[in-house]
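Counting starts at 1 for both ligands and their atoms, following the listed order. This is a predicted model, so every value here is computed, not measured. Count residues from 1 along the sequence.
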Amino acid sequence: MIIAVLNQKGGVGKTTITLHLAYGLSKRGEKVLVVDADPQGSARDWAAARRNDPRLPVVGLDRPVLHRDLPALAADYDQVVIDGPPRATEIVRSAILAADGILIPVQPSPYDVWACAQLITLIKEASVFKETLKTAFLLNRKIVNTVIATAVREALATYQIPVLQSVISQRIAFAESAATGSVVWETDPRGKAVQEIEQVIDELLEVWQ
Ligand SMILES: Nc1ncnc2c1ncn2[C@@H]1O[C@H](COP(=O)(O)OP(=O)(O)O)[C@@H](O)[C@H]1O
Ligand SMILES: [Mg+2]
C-alpha cells in the first residue's frame, strides 16, 4: 500500500508520523520504503542522522512525478510511506494520485482544521477518479490531560473524512526523535509514545484493510 502523509501546513507532524508509521510497519515484518517528497528533506536528514539504516530506506522524490514514478519503485515493497511537503500544491496533487491511502495529521485546534480546506478539496477532486482512495485524519500533538474540544470535532466533521479514534499526544519522546535520527521505540521503549503510535498503526490497518 502507498500511504501519503499530507497536510500543507508545516509543523503538524507529517515527518514525525511518517517515520514512526514506517518504522512501526517495518517492525511488524513489512518491507517499507519512505519517500521524502518535501524539498526541505527532513526525512532524509533523519535518515542521515541514523546512518542510513538499511531496514528503513528513505529516498527523496520531491517533484510532481510521484504518480508516474512511484508504482515501479513501490513494487519491491509491502508498504510505501510518503512524507508530504508544506504548500507545494503540485507535489501534493501528485502524491494524492500516487496514494492508496491519505493520512492527514492535524493539530487539535479549529484553526489547524480549517487550514486543511485546500488539501481536502484536492483529495475530493482526485477521489472522483479513485473510488477506492482511503483517507483519515490523525490528531497529533494533543496536550496530555485535555479533551479534544467540541469545536475541533465539529470543524473536522464538515470535511466528511474519518477521524482516527487513536490520537498522538505532545510528547518529548517524539520531539527528541527528530534531532537524533531515532524513533520512540529506541529512546523510550516502554513509554506512552510507543503505545500511542502502535495504537494508530493497529487502527489504520483495521480501518483501511
Ligand atoms: N506528537 C508530538 N510531540 C512532540 N513534538 C512533536 C510531535 N509531533 C511533531 N513534533 C515536533 O514538531 C515539529 C514539527 O514536526 P514535523 O513532524 O517536522 O512536522 P511537519 O513535517 O508537518 O512539518 C518537530 O520539531 C517535531 O519533533
Ligand atoms: Mg516535514
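Side-chain atoms of Ser109 and Asp112 include a donor-acceptor pair closer than 3.5 Å. There is no side-chain donor-acceptor pair under 3.5 Å between Glu196 and Ser166. Side-chain polar atoms of Arg141 and Gln170 form a donor-acceptor pair below 3.5 angstrom. For the residue pair Glu176 / Thr187, no side-chain donor-acceptor distance below 3.5 Å is found, with atom types taken as modelled.
Ordered by chain and residue number, the residues placing a heavy atom less than 4.0 Å from ligand 1 are Gly10, Gly11, Val12, Gly13, Lys14, Thr15, Thr16, Asn140, Arg141, Ile168, Ser169, Gln170, Arg171, Phe174, Ala175, Ala178.
Applying the ring pair (Phe, Tyr, Trp, His ring centres under 6.0 Å) rule to pairs touching residues 153-182 yields His20-Phe174, Phe137-Tyr159, sequence neighbours excluded.
For the pair Asn140 and Val12, the tightest heavy-atom approach, listed with the atom from each and the gap, is ND2-O, 2.9 Å. Residues Lys134 and Gln209 come closest through the heavy atom pair CE-O, 4.2 Å.
Side chain of Asp78 to backbone of Lys31: a donor-acceptor contact under 3.5 angstrom is found.
Take Tyr77 and apply the ring-ring contact (aromatic ring centres under 6.0 Å, His included) test, not counting sequence neighbours, and it matches no residue.
Inside a sphere of radius 2.8 Å centred on the Mg ion (ligand 2), the protein N/O/S atoms present are Thr15 OG1.
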